[in-house]
Amino acid sequence: MAAAAALARLEQKQPRARGPTSQESIRNQVRKELQAEATVSGSPEAPGTNKVPEPREEGSTQLAVPAVCFTCPLTGATLRKDQRDAHIKEAILSHFSTDPVAASIMKIHTFNRDRDRVKLGVDTIAKYLDNICLHPEEEKYRKIKLQNRVFQERINCLEGTHEFFEAVGFQKALLPVPDQEGPEEFYVLSEAALAQPQSLRKHKEQLLVAEPVRATLARQRRVFQPSPLASQFDLPGDFFNLTAEEVKREQRLRSEAVERLSVLRTKAMREREEQRERRRYTYTLLRVRFPDGCLLQGTFYARERVAALYAFVREALQSDWLPFELLASGGQRLSEEESPAFDECGLVPSALLTFSWDAALLEDLRAAGAEPDSSILKPELLSTIEKLS
């Protein structure tokens with residue numbers, strides 16, 4: 001795109017030499033590369049017409065999707081990015097009234113960000129419980145000194161650990177310490193909990209295998225009527241790693257630099273720059289156009305694999321057992337088996353893809369004198385179809 005613009009300016013500003021100069025040779029090479037790339041992509045558009053959409057203000061009614069949203073796995077609530085952490089913490093805390101053991105485990109793994117420190121603390125707690133189960137007759141294993149250096153460094157520093165000890169049956173008590181004047185605080189396992197070693201083992205395993213509670217990306221599935229606007233995407237700012245102002249500034253600075261250097265950039269240099277550009281996107285909005293023109297839209301992480309899109313489309317089909325293909329611009333088939341990431345395929349921050357039934361399936365149907373069902377999407381999805389504007 002930038003090279004094409006630079007060529008036009010150079011041809012206007014510089015007088016034509018009698019013989020081929022080094023600058024003309026460079027321009028000719030750039031022109032050949034641009035033509036070769038346009039041929040490979042199969043795009044009828046001239047270079048420079050496929051622009052990256054700029055982020056819009058999120059209050060705009062013309063946005064392709066209002067915002068990037070997430071789903072809380074505990075409550076099912078749909079959340080914006082800035083609501084995720086506070087909502088999940090509140091949901092975990094409210095869980096204490098029904099299942100304090102599970103809630104304390106979730107708190108340990110979710111409230112503490114340092115995963116290495118969490119693992120060290122969890123392994124230490126598991127060791128305490130193992131000693132009790134292996135030596136139930138040994139009283140010393142049923143008592144944990146709270147001022148112990150190991151306890152302070154590995155366990156006391158983690159949120160949720162005290163709640164866990166109390167939930168599994170430990171109680172705080174002041175006990176005398178030999179060769180020491182005053183008593184010290186201990187966790188002491190109750191007799192009731194000691195009588196149920198299988199419960200201690202179960203809680204230990206739950207603690208060891210637990211993962212942080214994280215909100216999952218909401219696909220925000222939508223179905224649109226056939227529209228000439230299918231390839232137009234107006235995205236909110238949270239689709240970009242930079243703010244709207246930062247994106248515009250970056251684009252301006254890059255354009256100025258490219259104007260000076262574009263004729264000297266090789267194809268490999270442009271490919272490296274495209275890779276850097278892809279890293280700026282965290283999410284991508286994808287639309288799939290079906291043979292009847294209807295559009296299916298969903299939100300994905302930029303580094304998710306193509307297989308996730310196939311699964312998303314398959315869930316929307318009436319005949320979800322039939323094989324199909326998804327094609328990118330220029331007819332490039334996206335392989336479900338190889339399943340590259342969306343940013344590796346250039347499908348960021350948005351893209352329009354085409355649905356096609358598997359070629360072998362179509363041949364079999366036509367040989368039998370039949371055609372694929374014209375109604376592809378599930379009726380419950382078609383009942384929510386919208387007009388794209």
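On a predicted model such as this, the values are computed, not experimentally measured, just so you know.
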With sequence neighbours excluded, what pairs up with Pro136 under the side chain to side chain contact (heavy atoms under 4.5 Å, CB included) test? Leu194
Would you find a donor on one side and an acceptor on the other, under 3.5 Å apart, between the side chain of Ser190 and the backbone of Phe170? no
Which residue pairs pass the salt bridge (Lys or Arg N to Asp or Glu O under 4.0 Å) test when at least one of the two sits in residues 321-331, sequence neighbours left out? Glu325-Arg333
Got Leu347 and Leu353 here, is their nearest side-chain heavy-atom distance under 4.5 Å? yes
Pairs flagged by salt bridge (Lys or Arg N to Asp or Glu O under 4.0 Å) wherever residues 151-171 is involved - sequence neighbours left out: Lys107-Glu163, Arg149-Glu153
Can you tell me if CD on Glu338 sees more than 12 non-hydrogen neighbours from other groups inside 6.0 Å? no
Quick one: side chain to side chain contact (heavy atoms under 4.5 Å, CB included) partners of Thr78, sequence neighbours excluded? Cys69
Qualifying residues under ring-ring contact (aromatic ring centres under 6.0 Å, His included), relative to Phe164, sequence neighbours excluded: none
All pairs passing salt bridge (Lys or Arg N to Asp or Glu O under 4.0 Å) where residues 108-124 contributes a residue, at least two apart: Asp85-Arg113, Lys119-Asp123
Under the criterion ring pair (Phe, Tyr, Trp, His ring centres under 6.0 Å), I'd like the reasoning laid out for Tyr283 against Tyr301: C-alpha separation, chi angles, the key distance, then a yes or no. CA-CA 4 Å; Tyr283 312 99; Tyr301 285 109; 5.5 Å; yes
is_close_aromatic(Phe324, Tyr310), centroid dist under 6.0 Å: yes
Flag side-chain contact, heavy atom, 4.5 Å: Gln297 against Leu286: no
Can any side-chain N or O of Thr284 pair as donor or acceptor with the backbone N or O of Ala302 at less than 3.5 Å? no
Can you pull the ring-ring contact (aromatic ring centres under 6.0 Å, His included) pairs that have at least one residue in residues 116-149, sequence neighbours excluded? His135-Tyr141
Within 6.0 angstrom of Arg289 CZ, more than 12 heavy atoms from elsewhere: no
Report the residues that fulfil side chain to side chain contact (heavy atoms under 4.5 Å, CB included) with Arg219, sequence neighbours left out, ordered by chain and then residue number. Leu217, Phe300, Glu304, Ala308, Phe312
Show the atom names and distances, to 0.1 Å, of all donor-acceptor pairs under 3.5 Å that link a side chain in residues 220-229 to residues at least two apart or in another chain.
residue: Gln220; atom: NE2; partner: Ala67; partner atom: O; Å: 2.7
residue: Arg222; atom: NE; partner: Glu386; partner atom: OE2; Å: 3.1
residue: Arg222; atom: NH1; partner: Ala64; partner atom: O; Å: 3.0
residue: Arg222; atom: NH2; partner: Glu386; partner atom: OE1; Å: 2.7
residue: Ser227; atom: OG; partner: Leu229; partner atom: N; Å: 3.0

Taking side chain to side chain donor-acceptor pair (under 3.5 Å) as the criterion, tell me which of His162, Gln171, Lys143 meets it with Tyr187. His162
Tell me, please, which residues at least two apart from Phe70 pass ring-ring contact (aromatic ring centres under 6.0 Å, His included). none
For side chain to side chain contact (heavy atoms under 4.5 Å, CB included), just list the numbers for Val122 and Val118, CA-CA rounded to whole Å, side-chain angles, deciding distance to a tenth of an Å, and then say yes or no. CA-CA 6 Å; Val122 164; Val118 169; 4.1 Å; yes
Would you say the side-chain atoms of Thr110 pair up with the backbone N or O of Val213, donor to acceptor, closer than 3.5 Å? yes
Under 3.5 Å, side-chain donor or acceptor atoms of residues 196-212 against the rest of the protein: list the pairs with distances, not counting sequence neighbours.
residue: His203; atom: ND1; partner: Gln206; partner atom: OE1; Å: 3.4
residue: Lys204; atom: NZ; partner: Asp130; partner atom: OD1; Å: 2.8

What pairs of residues pass the salt bridge (Lys or Arg N to Asp or Glu O under 4.0 Å) test when at least one of them lies in residues 178-187, not counting sequence neighbours? Lys145-Glu184
Is the shortest heavy-atom distance from the side chain of Leu365 to the side chain of Trp357 under 4.5 Å? no
